[in-house]
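These notes are about the structure you will find just below.
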Amino acid sequence: MSTLRGNGGGASRKFLHPAAACQASKAAAAAVDGSKEAHKIFDEAFITVKSGDGGAGEIVEAGRGKYVKNNKYHPGSNQPKQIWLPASDPADGADGADVYVVCDPSLDSLLHLHKRKSWLAPKGAQGNPAMGSSGPKRNSKLKKAMTPPLQIPVPPGTVVKRKSTGQLLGEVVQPGDRILVAKGGKGGMGVTAPSRGQKQRDLQREIKAAEKSGGEVVAVEDVNWKEDAKGLPGRQLGLQLLLRVVADVGIVGFPNAGKSSLLAALTRASPEVAPYPFTTLMPNLGVMGGQAAAAAGSSGQAPVLADLPGLIEGAHKGVGLGRMFLRHLRRTRLLLHVVDGAAADPGTDYLAVREELRLYNPDYVARPHIVALNKVDLEDAGDLREEVTHEVMAAARQLQQQHAQDVPGFTAPAAIIACSAVTGEGVQQLAAALQAATDHLVASEGKQQQQQQHVAADALAAAVAAAVAGAAAAAAAGDSSSDDIEEDGEWDEDEYEEWEGEEDEEWVAAAVRGDGSLITGTGSSSDDEAAPQPLAADDPDRWLFELSEDKLLAMADAADD
Ligand SMILES: Nc1nc2c(ncn2[C@@H]2O[C@H](COP(=O)(O)OP(=O)(O)OP(=O)(O)O)[C@@H](O)[C@H]2O)c(=O)[nH]1
Ligand SMILES: [Mg+2]
């Protein structure tokens, strides 16, 4: 999973093929059609490979003395030199080169394989090659020269299949991973050719045997020893290569929900953002910066986020750009489900995307996820944020009940975080949640291997909630102190007075209980003890979001009524 982290922790990586960049600027509908080809180029390739033929073994004629001439190269020079080697020890031909598909973390697409479709591995060297031919020659100790393998570089997350049968040959994930796709042909054996006298004796024996049995000898072929010296041919096969993005977090949601905007807000990636659906045609990757890690109290590695093209209803059947991209979720630990909070019916949007994921691969809905309720800066979304949160929770519960039988481990969101990619509100909390969830999942993966445990949804939610509460507190503290000191480090008296006179900030935090009901807590900035505390891992109540002061007053009024 960590293969893309070598780029400095904060740098972004972007897959943008020129063809796709051009298409992206066209109208949405045209982009949908055109992008299919661009996408194929980026993450799918068909190639033909052939491993090397085995080299022929050396043939030494018997009875030609104790030593025979063999051409050998000086190490580090390509000048052949004739040497004498024992005639009793003819050299084998070298095996043909094997073909490997190897993981190369400097690559991020399969584009290079469209420029080179056939990969032919070198033949094995002959036991005693003719003067002037190149390649490693007889090694009297090993008796056989080695042929370096042909290596086909591919990015991390590439799956290799046989083109004809679809048989899975393997997958490379981390640097150093490699798959042997075609073994080189075996080299021929070094043989001693029978001497003329030996041939005569063999012939006489054959004739006698034939006479005895009443047959007639017409011709004798003495080819068997020659066959032994021949190398076997290499293996040719067609391969299909598929790239699955390797990232910790996969960002999903309806087109235009703000997935790319959130990627840009959370990382240094700069994906294309535009107010029409299907702006994103290919996955964009970004690495989260260190701030979020600090806010979440994490010492873990910065998560890699993958922003995917929008999903729409029927995506699992190939509607929109869906099916081609859904496989990129395969290697993610966590999903970030982005919901447009200002949409007509965000709860239904959430439900529809979850359904698409389930229909494509039930594993995807059993994977932990965090919901980002985006665009809360817009009036509608801001006013309705609690209502929408409830809707999303209700939709999650509805799905959970519906599929309790067929999808074991169907998860509700580990957190629902209201945010705005445009104003930056809630983005710190979202970053802290993603960092905490990734850390938690990485840690429990380690444990899983040792103890066969499953990631407990409640423990994950508690870890995420604690990180969100921490980030919210840090954001509040940052807000109150940042303006008080002048750039030269001196107190600004006027501002100080203003600050002194400020009223305590009221806060209210809300949490959703295990049974779905809402609890709230209130306090003020001077009232440290009452500040929201992270809940224990086994506490079914989880802090989910903080409410505005207006909302607090409205709720207090409602309670009085
Ligand atoms: N007001 C507001 N607008 C937003 C916010 N986030 C995104 N947008 C706008 O929503 C539109 C779509 O944003 P994108 O980030 O391209 O959305 P996307 O989900 O990546 O869309 P596709 O790639 O087409 O699936 C753009 O016009 C953004 O400026 C937000 O928090 N508030
Ligand atoms: Mg996008």
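Indexing begins at 1, ligand by ligand and atom by atom, following the structure's order.
The aromatic rings of H337 and Y350 are tilted relative to each other, their planes meeting at an angle between 30° and 60°.
Contacts with ligand 1 closer than 4.0 Å are made by side-chain heavy atoms of L378 only, the backbone lying farther away. With a heavy-atom cut-off of 4.0 Å, C419 does not touch ligand 1 at all.
How far NE2 of H390 is from CD1 of I416: 9.0 Å, rounded to the nearest 0.5 Å. Taken from CD1 in I179 to CG in L241, the straight-line distance is 8.5 Å, to the nearest 0.5 Å.
When only non-hydrogen protein atoms are considered, atom 1 (N) of ligand 1 lies nearest to D377 OD2, 2.9 Å. Taking atom 6 (N) of ligand 1 as the reference point, the nearest protein heavy-atom neighbour is N374 ND2, 3.1 Å. The closest protein non-hydrogen atom to atom 2 (C) of ligand 1 is V422 CG2, 3.5 Å. Closest protein heavy atom to atom 10 (O) of ligand 1: K375 NZ, 3.1 Å.
At least one N/O-N/O distance between A257 and ligand 1 falls below 3.5 Å. For S420, a nitrogen or oxygen atom sits less than 3.5 Å from a nitrogen or oxygen atom of ligand 1, counting backbone and side chain alike. For the pair N256 and ligand 1, the shortest N or O to N or O distance falls below 3.5 Å. In terms of N/O distances under 3.5 Å, ligand 1 is approached by G258. Between A421 and ligand 1, at least one N/O pair is under 3.5 Å apart.
Distances shorter than 4.0 angstrom do not occur between any heavy atom of G253 and any atom of ligand 1.
In this model, no donor atom of one side chain and acceptor atom of the other lie less than 3.5 Å apart for D377 and T423.
The ligand atoms of ligand 1 that sit less than 4.0 angstrom from a heavy atom of P255 are 25 (O). If you number the atoms of ligand 1 from 1 as listed, the ones under 4.0 Å from a heavy atom of S261 come out as 6 (N), 7 (C), 13 (O), 14 (P), 15 (O), 28 (C).
Residue I152 forms a side chain to side chain contact (heavy atoms under 4.5 Å, CB included) with just one option from V160, L113, D104, and that option is L113.
When distances to the Mg ion (ligand 2) are checked against a cut-off of 2.8 Å, S260 contributes an N, O or S atom below that limit.
Counting only heavy atoms from C-beta outward, the side chains of L336 and V252 never approach each other to under 4.5 Å.
No donor-acceptor distance shorter than 3.5 angstrom exists from the side chain of H112 to the backbone of L107, with no hydrogens or angles considered.
Taking 4.0 Å as the cut-off between side-chain N and carboxylate O, R333 and D248 count as a salt-bridged pair.
Other residues, nucleotides and ligands contribute only 12 or fewer heavy atoms inside 6.0 Å of the NZ atom of K163.
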